[in-house]
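Notes follow the structure.
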Amino acid sequence: MESIREFLTSYPLLVNLFWNALIATILYFLRKAVLNRLYPHMRESSSWYAVRKIATWISNTIIVLFVVYAFGDNLRGFSTTLGLAGAGITYALREVIVSFAGWFAIMFGDFFKTGDRVLLGGIKGDVVDIGLLRTTLMEMGEWVNGDQYTGRIVRVANSYIFNSPVYNYTAYFNFLWDEIHIPIRFGSDVKLAKTLVMETAEEIIDQYDEEADLQWRNMRRRYRLENASIEPQVFVSFDDNWIEVSLRYIVKNKRRRGTRDELFSRLLKKFEEAGDSIQLASETIEVVRSQTLQTDEDNQ
């Protein structure tokens, strides 16, 4: 026992390291055990992510506090050194500091949260994790058409929120306005085409009316917005090639491509049933032989 006391007295740093490692190991396995018991009950819940992050933060905070307590005397000189070298450290770690400030702004500045669909730093995707220095996105777009995942995980520095726009597709209003354009030939029944387009939109889009109206009214309470229409609208325009019937409608932000497919599929079926009354247009090039060239060939 005497030799043990002498060892503990002679090597306090090793003792502190041992206790820190032991406590960190116990906290790690305790956190894993608690989360494993909670996971079967919460895996389908949106709060599972928050519970896992909170558990990690609590365990890490306890470890940091114990390290500060155990090595408090040894850290005094170290903190003095850091204070003297503060300017150099600040310059060297400026990106880290700005990213940490970005994390603080994200958490408390209402920029976005996990699960939101955003365009951040030129990358579009769903936010799957918000770290101290980086935000993790499940990327969409790029070589994949429509708002669908590419399968790549992208980590964007939190400092981007201070020097680039942040586009949030789901903040307070889970809908987007979208448009489709249908070209029809001159001579088609435009009135019938408008009627069929509006009927199709009402069949598909009307299911969102009540929810969209409620969310839009909540948005108007929060921001200064004009009273934009959430009802489907049909517009007609034309140029040298065809008459264009445009449908403007509201759609859930994560259902945009599926809704467009459903609209086009039903419209094609209805236009086919309408027969020759409505003919879809396509870009054509007409080659006309010059009369002057023909006369020259005849003279030869």
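- Tyr223 and Phe173 fall within a single hydrophobic cluster, where Ile, Leu, Val, Met, Phe, Trp and Tyr side chains are chained together by heavy-atom contacts under 4.5 Å.
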The test is side chain to side chain contact (heavy atoms under 4.5 Å, CB included); show your working for Glu179 and Leu247 and say whether it passes. CA-CA 5 Å; Glu179 290 187 358; Leu247 171 65; over 6 Å; no

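- Tyr169 and Asn174 are not linked by any side-chain donor-acceptor pair at a separation below 3.5 angstrom, with hydrogens and angles left out of the test.
- Looking only at distances, a side-chain donor or acceptor of Thr170 sits under 3.5 Å from a matching main-chain atom of Arg117.
- The side-chain heavy atoms of Asp126 and Met140, taken from C-beta on, include a pair separated by under 4.5 Å.
- Within a 6.0 Å sphere centred on OH of Tyr28, other residues, nucleotides and ligands contribute 12 heavy atoms or fewer.
- The number of heavy-atom neighbours closer than 6.0 Å to CZ of Phe29, taken from other residues, nucleotides and ligands shown, is 12 or below.
- Residues Lys113 and Asp116 meet the side-chain proximity criterion, which asks for heavy atoms closer than 4.5 Å.
- In this structure the side chain of Arg248 reaches within 4.5 angstrom of the side chain of Phe235, judged on heavy atoms.
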Dump the intermediate steps for side chain to side chain contact (heavy atoms under 4.5 Å, CB included) on Phe175 and Val251, then the final yes or no. CA-CA 5 Å; Phe175 294 86; Val251 61; 5.9 Å; no

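- Residues Ile204 and Arg266 form a side-chain contact, since some pair of their non-hydrogen atoms from C-beta on lies under 4.5 Å apart.
- Between the side chain of Ser265 and the backbone N or O of Glu262, no donor-acceptor pair lies under 3.5 Å.
- Closest non-hydrogen pair, Ala193 versus Val245, comes out as CB-CG2, 4.4 Å.
- The nearest pair of heavy atoms linking Ser246 to His181 is OG-ND1, 2.8 Å.
- Checked against Thr135 for a side-chain contact (heavy atoms from CB on, under 4.5 Å), the options Leu120, Val128, Thr114 give a single hit: Leu120.
- The shortest distance between side-chain heavy atoms of Leu225 and Met219 falls below 4.5 Å.
- Residues Tyr149 and Leu176 are members of separate hydrophobic clusters, defined by side-chain heavy-atom contacts under 4.5 angstrom among Ile, Leu, Val, Met, Phe, Trp and Tyr.
- Shown here for Phe238 and Ile243, the closest heavy-atom pair between the two residues is CB-CA, 3.9 Å.
- Of all heavy-atom pairs between Arg260 and Ile180, the closest is NH1-CG2, 3.8 Å.
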Residues Trp242, Phe186; criterion ring-ring contact (aromatic ring centres under 6.0 Å, His included); working and verdict: CA-CA 6 Å; Trp242 52 63; Phe186 287 100; 9.3 Å; no

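- Screening Phe111, Phe100, Trp103 against Asn158 for a side-chain contact (heavy atoms from CB on, under 4.5 Å) leaves a single residue, Trp103.
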Using the rule given for side chain to side chain contact (heavy atoms under 4.5 Å, CB included), can you reason through Ile23 versus Leu27, listing the C-alpha separation, both sets of side-chain angles and the distance that settles it, and then say yes or no? CA-CA 6 Å; Ile23 289 176; Leu27 285 173; 3.9 Å; yes

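- A search for ring-ring contact (aromatic ring centres under 6.0 Å, His included) contacts involving Phe108 returns Phe104, not counting sequence neighbours.
- The CD1 atom of Ile184 sits 13.5 Å away from atom OG of Ser282, with the distance rounded to the nearest 0.5 Å.
- In summary, of the residues considered (Val234, Thr200, Ile205), a side-chain contact (heavy atoms from CB on, under 4.5 Å) with Tyr249 occurs for Ile205 alone.
- Under the 4.5 Å side-chain criterion, counting only non-hydrogen atoms from C-beta, Lys252 is in contact with Glu211.
- Put simply, the side chain of Thr150 gets close to the backbone of Arg152: a donor and an acceptor are under 3.5 Å apart.
- Of the possible polar contacts, one joining the Thr259 side chain to the Arg255 backbone as a donor-acceptor pair under 3.5 Å is found.
- Atom CD of Glu273 has more than 12 heavy atoms from other residues, nucleotides or ligands within 6.0 Å.
- Hydrophobic clustering (side-chain heavy atoms under 4.5 Å, transitive across Ile, Leu, Val, Met, Phe, Trp, Tyr) keeps Val156 apart from Leu119.
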Take Lys124 and Glu142 through the salt bridge (Lys or Arg N to Asp or Glu O under 4.0 Å) test and state the conclusion after the steps. CA-CA 9 Å; Lys124 182 180 179 182; Glu142 291 295 330; over 6 Å; no

Steps toward salt bridge (Lys or Arg N to Asp or Glu O under 4.0 Å) verdict (Lys270, Glu203): CA-CA 13 Å; Lys270 290 186 176 184; Glu203 292 169 3; 3.0 Å; yes

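- Comment: Asp261 does not engage Arg257 in a salt bridge, judged by the lack of any side-chain N to carboxylate O separation of less than 4.0 angstrom.
- The two residues Ile153 and Met138 come nearest to each other via the heavy atoms CD1-CE, 3.6 Å.
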Quick one: do Val118 and Tyr167 satisfy side chain to side chain contact (heavy atoms under 4.5 Å, CB included)? Show the steps, please. CA-CA 5 Å; Val118 300; Tyr167 299 90; over 6 Å; no

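- Atom CG of Asp276 has 12 or fewer neighbouring heavy atoms from other residues, nucleotides or ligands inside a 6.0 Å radius.
- Looking only at side-chain heavy atoms (C-beta outward), Val127 and Asp129 stay at 4.5 Å or farther from each other.
- Here the closest heavy-atom approach between residue Ala105 and residue Phe162 is recorded as CB-CZ, 4.2 Å.
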